[in-house]
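Written out below as structure tokens is the structure these notes cover.
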Amino acid sequence: MSPGKELIKGFYTENPVFRLMLGLCPVLATSTSVNNGIGMGAATLFVLVCSNVVISLIRKAIPAKIRIPIFIMIIATFVTIVDLVMAGFFPELHESLGIFISLIVVNCIILGRAEAYASKNNVFYAFIDGLGMGLGFTLSMILISSIREILGNGTWLGLEVFGSGYNPVLLMILSPGAFFTIGLLMSFLSWFEGRRSSCVTNF
Amino acid sequence: MDMHSLLVISVGAIFISNFVLHRFLGLCPYIGVSKQLDSAVGMGMAVIFVMTMASVATWLIYHYFLSPSPLNILFRLLMRGQGEPPDLTYLRTIAFILVIATLVQFVEMVIQKLSPGLYRSLGIYLPLITTNCAVLGVSLLNINEQYSFIESVVNGFTSGLGFTLALVLMAGLREKLELAQVPRSMHGAPIAFIIAGCMSLAFLGFSGLKF
């Protein structure tokens, strides 16, 4: 187990969104613009790293039978911190993300990493794992929200991409666009994987 | 309480802002439990039940324990109604998730005791519901929209109904899909998302409904 490998596994081989398919609700709901996507990714990253570290620190003191309620309480505490900080410093972002900030509590990635990784490994690896998974989640958010914002609004982070003559595909910003984007990206990934493995066998 | 506002809430929760297809809440069971019609119906019933109960419980908790109103029970007991009522609303995420987890556990125990038949059909879905964001989502929405008690209960029930509608429709489609020829790279989740997109597109048509 090398720290570098643990860090980058969340980017591709164990990407939380495309591979593990965890925590899809915030991905689809808050990817309407790159700004929102980065905000949601950063909030999830913070909660994931902090909860992984704290759970790993106290993993020997947690009784096995009530570990899930304890994990949820720790996660909820960090979510409340993010909620209050974001409401104070980024009120516009907080407004547009709405209830999805509070709903980080029930995001399966965080509880999943707590249960599968942080409760079994030491603090350093739990931190690396949280960082890697959180960055993988953030990158997926940026990818999906870039596609939706560029096609649906003709902008990227507020900058015009196609010039003023572009007629935006409004559908991509609306709810069906989210489903289409993630469905097509997943099928592209599975096509790519299939191609790559067949190349390897032909070699 | 006029029936008109309740009707608007119901139609809004079932069709216009459907929990799965418009608000994107509860996607994990929507993709995960929609492979067979029977289990989709079971899951839907369990979600309706828990969402209604959670709406009742979290509304009472919020208005009698957390909100800074003169009715706050903690304020009346601990401070004997003197001074300013404390504002504990920042604790709502922690309080709601605890209440929901306890409630699901409690409901599971009661059903197991009273009706073993129902427990066998719903039992496996109940623990999954604790981490279903639809339940916490409806509780937070009730508070954000400042619904009254009756409105919250109606919203909880009809949101669950909307979730079940979308889930059962999806399960019916996916049972047929087993026989269809789908491109190899689209098997499983990708085609499910494309279908969900088409359903979401169809449900967008309801957004023109006016009362």
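Labels below follow one simple rule: chain letters A, B, ... track the order of the sequence lines, proteins then strands, and each chain is numbered from 1.
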In Å and rounded to the nearest 0.5 Å, what is the [atom1] to [atom2] distance from [X] to [Y]?
X	Y	atom1	atom2	answer
B:Met186	A:Ser190	CE	OG	9.0 Å
B:Ile191	A:Ser187	CD1	OG	8.5 Å
A:Ile74	B:Ile94	CD1	CD1	11.0 Å
A:Ile99	B:Leu25	CD1	CG	5.0 Å
B:Ile31	A:Ile182	CD1	CD1	9.0 Å
B:Cys28	A:Met21	SG	CE	9.0 Å

Worksheet item: Side chain, backbone, both or neither: which part of B:Arg92 has a non-hydrogen atom closer than 4.5 Å to chain A?
Response: side chain
Worksheet item: By a 4.5 Å heavy-atom criterion (distance strictly below it), what part of B:Leu204 contacts chain A: side chain, backbone, both, or neither?
Response: side chain
Compare every heavy atom of [Y] with every heavy atom of [X], then report the nearest pair and how far apart it is.
X	Y	value
A:Val105	B:Leu136	CB-CD2, 4.4 Å
A:Cys25	B:Gly26	SG-N, 3.7 Å
A:Phe179	B:Val20	CZ-O, 3.9 Å
B:Phe24	A:Ala178	CZ-CB, 3.7 Å
A:Ala29	B:Arg23	CB-O, 4.2 Å

[X] versus chain B, the contacting section by heavy-atom distance below 4.5 Å:
X	result
A:Ile75	neither
A:Ser102	both
A:Phe188	neither
A:Leu28	both
A:Leu22	neither

Within a reach of under 6.0 Å around [atom1] of [X], are more than 12 heavy atoms found that belong to other residues, nucleotides or ligands?
X	atom1	value
A:Phe11	CZ	yes
A:Tyr125	OH	yes
A:Tyr117	OH	yes
B:Tyr147	OH	yes
B:Lys35	NZ	no
B:Phe149	CZ	yes
B:Gln36	CD	no
A:Asn121	CG	yes

Practice prompt. Please examine the side chains of B:Leu201 and A:Leu171, heavy atoms only from C-beta on, and report whether any two atoms are closer than 4.5 Å.
Written response: yes
Discussion item. Using side-chain heavy atoms (C-beta onward) and a distance below 4.5 Å, is B:Ile194 in contact with A:Leu184?
Written reply: yes
Discussion item. Tell me which of these, B:Pro183, B:Pro190, B:Gly137, has more heavy-atom pairs under 4.5 Å with chain A than the rest.
Written reply: B:Pro190
Fill in: Verdict with reasoning, A:Phe180 to B:Cys198, per side-chain contact (heavy atoms from CB on, under 4.5 Å)
CA-CA 8 Å; A:Phe180 290 140; B:Cys198 296; 4.1 Å; yes
Worksheet, complete the sentence: Ranked by heavy-atom pairs below 4.5 Å to chain B, first place among A:Leu103, A:Ile68, A:Thr181 goes to A:Leu103
Worksheet item: Going through the distances and angles, do A:Val106 and B:Val135 end up as a side-chain contact (heavy atoms from CB on, under 4.5 Å)?
Response: CA-CA 10 Å; A:Val106 283; B:Val135 180; over 6 Å; no
Worksheet item: Going through the checks in order, is the side-chain contact (heavy atoms from CB on, under 4.5 Å) test met by A:Leu185 and B:Phe193?
Response: CA-CA 10 Å; A:Leu185 278 174; B:Phe193 278 111; over 6 Å; no
Item to complete: Run the numbers on A:Phe100 and B:Leu140 for side-chain contact (heavy atoms from CB on, under 4.5 Å), then give the verdict.
Response: CA-CA 10 Å; A:Phe100 282 93; B:Leu140 292 168; over 6 Å; no
